[in-house]
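To start, the structure itself, in structure tokens.
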Amino acid sequence: EAQVTQNPRYLITVTGKKLTVTCSQNMNHEYMSWYRQDPGLGLRQIYYSMNVEVTDKGDVPEGYKVSRKEKRNFPLILESPSPNQTSLYFCASSLFRETRTYNEQFFGPGTRLTVL
Amino acid sequence: AQKVTQAQTEISVVEKEDVTLDCVYETRDTTYYLFWYKQPPSGELVFLIRRNSFDEQNEISGRYSWNFQKSTSSFNFTITASQVVDSAVYFCALSEWGNQFYFGTGTSLTVIP
């Protein structure tokens, strides 16, 4: 089954404790992306990657890191989480052709993160 | 400035009524893509439609239809004969050059039986 998986689905942590949210897709998609969803703000893009070893900042990259060492994986790293990073996080992937992503993104199920 | 504006935060309709969700976007690119996604109460994000900037044809898919007007930078979504299962948050999104994505703040639709 074609899918994007995220782990963990729920996480409660404390300020300053480094964490990683994993994202994996099995569709051989070039493009992967992370979003955070907050009430009243919709989805905001954190980082995206157009291929292995290529990453770019989205609208809200502060406090986050990503890496793309393999095509299928795109982990989101919070080196020192703070309460304002409490949010619902989505990973997504898409085909990437002719220098752009024009196909729809497939989203993972979401990770609900609470930072105390 | 918001690149995608969904001015309607919440809409309630009675079942079988038609409802239109508005989306206004802002871009200087001549090539861009517009999307609509649905987020039901279960939380997943479901793709509904993609439009590129060169294709202004309106589209109908069952009870759903989309009206893309470049002259007004709008990409509105209409649900005909709404059903309770249509209750969800609907997001409009813009992709410039297909790389970075911008989502609107969403419209929460409640269909009352």
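So you know, we letter chains A, B, ... as the sequences are listed, proteins then strands, and number each from 1.
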Test A/Gln37 against B/Phe91 for side-chain contact (heavy atoms from CB on, under 4.5 Å), laying out the working first.
CA-CA 11 Å; A/Gln37 182 178 7; B/Phe91 291 99; 3.4 Å; yes
Check against side-chain contact (heavy atoms from CB on, under 4.5 Å), B/Glu44 and A/Phe107
CA-CA 8 Å; B/Glu44 73 272 23; A/Phe107 283 83; over 6 Å; no
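Here the closest non-hydrogen pair linking B/Phe35 and A/Glu104 is CE2-CA, 3.9 Å. Across A/Gln45 and B/Phe101, no two heavy atoms sit closer than the pair OE1-N, 2.8 Å.
Looking only at side-chain heavy atoms (C-beta outward), A/Arg44 and B/Tyr102 stay at 4.5 Å or farther from each other.
The list of disulfide bond (SG atoms under 2.5 Å apart) pairs with a residue in residues 26-68 of chain B, not counting sequence neighbours, is empty.
Contact residues of residues 54-70 of chain A toward chain B are A/Lys57, A/Gly58, A/Asp59 (heavy-atom distance under 4.5 Å). Among the residues in residues 65-73 of chain B, none has a non-hydrogen atom closer than 4.5 angstrom to a non-hydrogen atom of chain A.
With a 4.5 Å cut-off on non-hydrogen atoms, B/Gln39 touches chain A through its side chain but not through its backbone. For chain B, the nearby part of A/Phe90 is the side chain; its heavy atoms alone come within less than 4.5 Å. Using a 4.5 Å cut-off between heavy atoms, A/Leu43 contacts chain B through both its backbone and its side chain.
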In residues 103-113 of chain B, what donor-acceptor pairs under 3.5 Å come from side-chain atoms, sequence neighbours left out?
unit_1	atom_1	unit_2	atom_2	d
B/Thr107	OG1	B/Gln8	O	2.6

